[in-house]
Every structure is written in C-alpha cells, then in structure tokens.
Amino acid sequence: MTTTLSERATSGWVSALRPDRRYLPVLGTLAVLALMLVIGGTRYDNFLTPIVYSNLFINNAHLIALAVGMTFVILTGGIDLSVGSVLALSTVIIASLLQAGWPVAVVLPVAVLTGSLIGLAHGVMIQVFGVQPFVATLAGMFFARGLCFVIAPESIPIDDPAFTALAGWDSWMGHFRTTAAVVIALAVVVIGFVVLHYTRFGRTVYAIGGGEQSAMLMGLAVSRTKVLAYVVSGTCAALGGLLFAMGNRSGYALNGVAMELDAIAAVVIGGTLLTGGTGFVLGSLLGVLTLGTIQTVIQFEGNLSSWWTKIVIGVLLLIFVVLQRALSLRKT
Amino acid sequence: MLPRRGRTPEEPAAFEKGFNVTTQPVVELTGITVEFPPVTALAGVDFRLYPGEIHALMGENGAGKSTLIKALTGVYQTSSGTITVDGAEQRFSGPGDARAHGISTVYQEVNLCGNLTVAENIMLGAAEPRVLGGLHWRKMRRLAAQHLERMGLDIDPGSSLDSHSLAVQQLVAICRATVGDCKVLILDEPTSSLDADEVESLFAVMRRLKADGVAILFVSHFLDQVYAVSDRMTVLRNGGLVGEWATADLPAGELVKHMIGRSAQVLESVERGHDAVRPDAGEPRLQAIGLGRKGSIQPYDLDVYPGEVVGLAGLLGSGRTELARLLTGADRADSGGTVVEGAPRKLHTPRAAMAQGIAYTSEDRKGEGIVDGLTVRENIVLALQAERGWVRPLPRRQVDEIVAKYIDQLGIRPADPEALLRNLSGGNQQKVLLARWLATAPKLLVLDEPTRGIDVGAKAEIQKLVSELAGEGMSVVFISAELEEVLRLSHRIAVLRDRKVVATVDAEGTTTDQVVELIARGNVAEGDAA
C-alpha cells in the first residue's frame, strides 16, 4: 500500500513506474512519439538535434494552445469546431488594430477576450438553448471566419515595434531555442493541467464527461462548468491566434483553415476519448508533438509531398481510435 | 381526483405501541398533493419520519413512492400540503437544496461518475478540502478513507470508481450521501442489483447510521428485506395513503393486501397453474448444442420443448444472461450451434433469431429494452413493425387494435397508448416490453429478469402471464434472481455456476434448498480441485 494508484492519479510523471489503465492511451502516444524520433534519428543524420526539437515547439506553439482548450471541451463530451476560425479572427484583430495604431497592451487583451466571448456564446447556445455542440460551434466557425473577411480580406503585415519585439524574443538554453510563443504555449499547458486536476471546476469537467446526469445529481455546477469549458476553448483559440501572429508577423483571414481538425486529431491521438471523461492535457501536448514530428519526418524525406503528413495522421488517428475502442471493450 | 384514504383511528395507536412518539419527527409531510394534469400522482398524503428509525415506504409501482420522494426533495412541485423539516416549514428547490438541509437521496441506479476516483465521488461538490484555492488531494483521500471506514468499506479511495463492483459503488453512493450533516437518508431501491451478501453489508451500514440518529427512508420491493431492516412502514396505493404501521405489528400477508388492495389470490393461482400445465413431448423447439463463447459462458447443451418453461438458476454473474444472449443471437457464439424445430439454424443476430420466432427481453430494461422517448403504442409495435420491414407500415387501425389488446390484457397503467414510456413506472415499462414481443407471436420467449425491481402485484401478473403463455404452447426461458420464482414457474431448471451449466433438473419435486445445494456444491468441488 505504499505506492497506491491514488498517488499516481495526481502526479502523471510517476505513472510510467506502474502503468494504470487510465494512462495507457497516453503511454501509447509517448511510445509512438519515441518511435517516430527513433525512425527519424536512424534515417537522417541531423534529425536528433536540439534545433529540430526547438522547432517542433516553435512551429506548433499555436496548435498546443488550441489542443489544450479543445481538451477541456472534449472532456465534457462536446466538440469545438470554431477554433481554427477564432484563431484567424484573433490574428486579423491583432494585425488590424495594431495597424490602426492601438497599443499592444490593449490589442492583445481585446483579441483574447473576443475569443472568450465567442466561447461564451457557444456555451450559452449549448447549455441554455440545448443546441448540439457540433452545430453551435459550426455556426461559430462560419461566423468567425466571415467576420475575418469583413474586417480585412487581405493579409495585414504587423510591424508594430512592441509586438515584433515580443514575438522576436528568444532565449537559448545550450542549443535549445525558446521563443516567447513557446513560453506562452507551455504556460497554457501548465495552467490547463493545474485547473483540470486541482480545481473543483476541473474535476467537474471530468465528472460531466463521466455522466452529466450523475454529475448534476451529485450537486455539481454542471451548467456553469459546461459553459466555462467553451469559454476556455475560445480563449485558448484566441491565444493560439496571438501565437500564430507572433510566428507569422501578419494577420490573415485565411489563417488556420481546418486547423480545428488538427487540434481534434492531436487531442484524440493524445489519448482523450471523444465521448468525454477520460484524457489529459499532457496527452494533448504529446499529441501535438507527434503530429509535428510526423511533419518534420516528411520534410526531411524531401521528395515526399507534404500531403503525406495528412495520410500518416489519418492512419495514426485510426489506429488510436481502434486502440481506445479495444481498451474500453476490455473494460466492460 | 382520487379519493383520499385517511388513517383509520386505530392505526396511530398501533404505531405508538411500536415507537416512541415523544420525539419530534425530523420530516413531516402533511396533505401532500402532486398533480400532473390530468393525472393526480399523490393525493393528500401524510408522512412522518423520526430520527433514528428505518422507515419503509411501501406500495406497488405507480403507487406514488417515487413521487413522494421527489416531492420531498423538491424535484416535483406540490400543489398543496406542507413539508416540515425539524419543525420548520420548508420548500426545497431541488436535490441540492434538500441536501444542504441534511436530506440526501441515493437512487436505484448509481448516480456517480465512474471515471473519477472513489475519493472524488465521495467528497467532490461541497465537502472537498482545499489548499491555496485548489483541491487538497491527499487530505481528500484521507477524509474519504475515514468515511469509507465508517461504512466498513476497505477500498483504495484513489482507485477509479468503475473498477469496483456495483455493490461497492452503491455503498460509495451512500457514503457520499452521509458526508457532512445528514439527518435524513433516502434509499430508493438500493438493493435491486445486489447479492444477498451485499444486501447484508448494506443493512449493516443502515443500522449503523440509524444508531447515529439518522432517519432512513427505505424503498424496496423485497418484502423479506423490508421486514429484516425496517422499524415502521407507510403504505401507499394509487397515489393515496393507506396507512402507517410498526413493522412488527403488520404481518406480510396483511401488508401485501394493503399494497395491492386485494388478497394474494393472483399469486396462489400461479402455483396451481404450474401443476396443471405439462409440456408436450416430441421435438424440441430449440436445441442448443455445445453453444459457448470464450470469456462469456462455457459450451452448454439446452433443449426447450413446446409449452415448456425452462428456468435458469444461478448467482449474479454465473452466466444466466450470457446463456440467454447466445441463445437469442444477442451475442455471437464462437462454438456450437442451434437447432430450431429439427433444422440447424445460425442465430447470429437478434434479427435472425426473431425470424425463427425467438424473442429476447433484456435484463437491462432501460438500456436495451424500452425506448423511453416513444409512446406506449410505438414501443409495443416496434418489433412487429421491424419484422414486417419499414416499407410496409402497419395500418393504423391494426396498430390501435394490437395496442388496445395488450394494454387491456397486461393491465398497462396508465391505459393511454400515447403516454411517453419514460413516464411509466418500472413494472408497466416491463409489461410494455413484454407486449412488444408478444405482438410478434414468438414461439420461444426468453425473459431475462422480467420481474426485477417491480412490485408484487405486477410481478404476480407477469408470472401468471408466463404460465398462461406456456399453457398455450409457447416455450419460455425464464431468468430470475429469485429462486422461489424460478421454481414455481418452471418445468425444468438449468443451474449455472461460474459461467457453466452444472445441472439440469425437473422442477417438480425439487426444493429451493436442493437448488441452492446444486449451486453451492459446484463451488465446493472447485475448491477441492484447486
């Protein structure tokens, strides 16, 4: 009774010592990621280098933010299809407001809060009016994308000095390069983890995924939590837009098309069940890194079309969903 | 409006004899009426609950037990009457509000979240300890462990809830209900899915809570359980109050009479019917030869003759349901085969079985039986229509005839074809389910726990119906956790143990004890072998 399952429930990093079934999907993701890195490392000389790892985070910082928000929503058993469009909207708002001469300290909160508001609207539609999450966020997806074009149909470059200074900030730890965007993305992961595991709100998110009716009868604040989950997702999507703008130094209405699907894929590959109730933010981070590694491998291959990335992701997604199905079948 | 049944003058006297009334009731309901126009679900019911007692609420399905509980906990609005808690009039806005006033409810289904840990399921919501605004996991597990210990439960509070048996989950639900200031504990059918041992440990917990001064409102369909554990009982019938008695003063026969409003003749006639009907010899209607499925049930042989009732006896999890599911194509067998009326047939899907006239009603009434968002009419014709194919809809007049016939024949209440099934009581839902399969005129009907969680009256009616159907030549495979019921209804009994058919015996001349012996002896044999 010294090492009980309970202790590992809170500290994920010890789980590898004696895997609990709850962590199997995440461990599976970790194994796939390791396999990818080994394959890459044996095939290409300069694959296992700090630069590649750094770029993995730098290129996918925005997707990490999206995946964290998406994890909240999927854990409740819902889905958020709007995150790609909200990301684009956020980049457009940032770029156009900066162009108009607004200060960065005002622009960034405005952009992020816009995402929160859209999330709030989703949550209210879903919880108060009983609209299916799929439909409500689909509406939000079209709305946000349309709004982008209303604000600015063309790509707007960002040359605000304060913003470029922020976006250009980086720090070298040995050969590892960290940018401001990566720091923000990892902060989002940490905050997401703490909120999900150490707050009543977070545990209620899990409870709703486990059984909404039960959670309600347990006296948990189901309505509020469900609405908040979409607010979290909207906020994370807008933050993702900020990170994307930091990477591209521009805002464009066609940014992040179909990126919601990448986010969902990352979350599912990271071991979160689409039916809700099971999954971890750290898994979603691994999911994003797995997707990034696939892309990197295909880039290294050189003569392969980048669309191969999609095919590999599709196959991987299929394997993971089947794997989860097998796990849950064994459970019953 | 239903007539209000007042308490007769001698009843309070009988009550005082059995219980000390100098204490103030912790909960007192006076003249509670609940209406769902045009239905009156409760008509002017009085109810008193004293601290430190176990009070059984008795009545048939649809008598108003659940309605009373829901009126008390604020789920339903009362149209008249008062609710007094600790001397002060209260009107709760919902279960959460009632809970805050010390009234907790544990339902028949475990309403907890299986994906969370045991500790969370006990503590989360109101009582969880916090540190720096976040959850204090270590303290939460420690407190949960203390509560579990109080219940006599030794499980790891950090394990996830769905890794435990249903019984343990039920006890965890009770554990949750008693955290904090719990004055009144309402247990709505907590025993319906528990084994005898598990029921005993539940009773032990109930007695412990009672000794602590908690008032327990207990609802159960098992009369022996009610007599084993309760101090007093209140009987409801058709939404009205019949009376309140000290348990010791009310013999079981009297209780049943009060509950169903007529004597237990129905029950007796079933027993007589059993002797009257003998199956014809001849070709078996269905033969299972070496039918089995890995991890589910070991290969078994079973013959069912026309007009015969074959009972399946065994403990919970002995493979009763698994056997039935293979027989009816609900699960796919990986060995053996089936012969229907002399011809080998593959029954790989319920649809294939239906085509051979084999119907199956699942034990999971809610999940695999009824469609609760459809009406009684739609539910009844569902299987018949599926059999015809969707391109040939049944003529509406024919549908109405069939539905009217079964509502009448099975006594489905309310007798309204357009009532939504979710608004019917469990027993009536079961009858609708039966009607659905009877409408397809099956040759073999497999009934998995058709009488579980339903009241004495409906139970007797279903038992009688089974006897009659067999008398008309239908073959029936009857599964029930209650051995007496299996013995009374069946001609032959297949005894299961550890996912294996260990014996097949004639019901005639076999006693319950002998069947228990058969179930148990297998265990002993295995113990010796190991």
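Order of the sequence lines fixes the chain letters, A, B, ..., with proteins taken first and strands second; residue numbering starts at 1 for each chain.
Partner B/Ile186 forms a side-chain contact (heavy atoms from CB on, under 4.5 Å) with one of B/Val27, B/Leu68, B/Ile103 and no other, that one being B/Ile103.
Listed options A/Val195, A/Val194, A/Thr199, A/Thr204 were ranked by heavy-atom pairs under 4.5 angstrom with chain B; first place goes to A/Thr199.
Using a 4.5 Å cut-off between heavy atoms, B/Asn121 contacts chain A through both its backbone and its side chain. With a threshold of 4.5 angstrom between heavy atoms, B/Leu112 approaches chain A through its backbone and through its side chain.
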Quiz item: Can A/Phe72 and A/Tyr230 be said to form a ring pair (Phe, Tyr, Trp, His ring centres under 6.0 Å), step by step?
Solution: CA-CA 8 Å; A/Phe72 276 75; A/Tyr230 287 90; over 10 Å; no
Practice problem: Begin with the C-alpha distance, continue with both residues' side-chain angles, and end with the deciding distance and a verdict on salt bridge (charged side-chain N to carboxylate O under 4.0 Å, His left out) for B/Arg293 and B/Glu322. | Solution: CA-CA 9 Å; B/Arg293 181 182 158 92; B/Glu322 288 78 1; over 6 Å; no
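Ion pairing between a basic and an acidic side chain is recognised when a charged N comes within 4.0 Å of a carboxylate O; B/Lys183 and B/Asp86 show such pairing.
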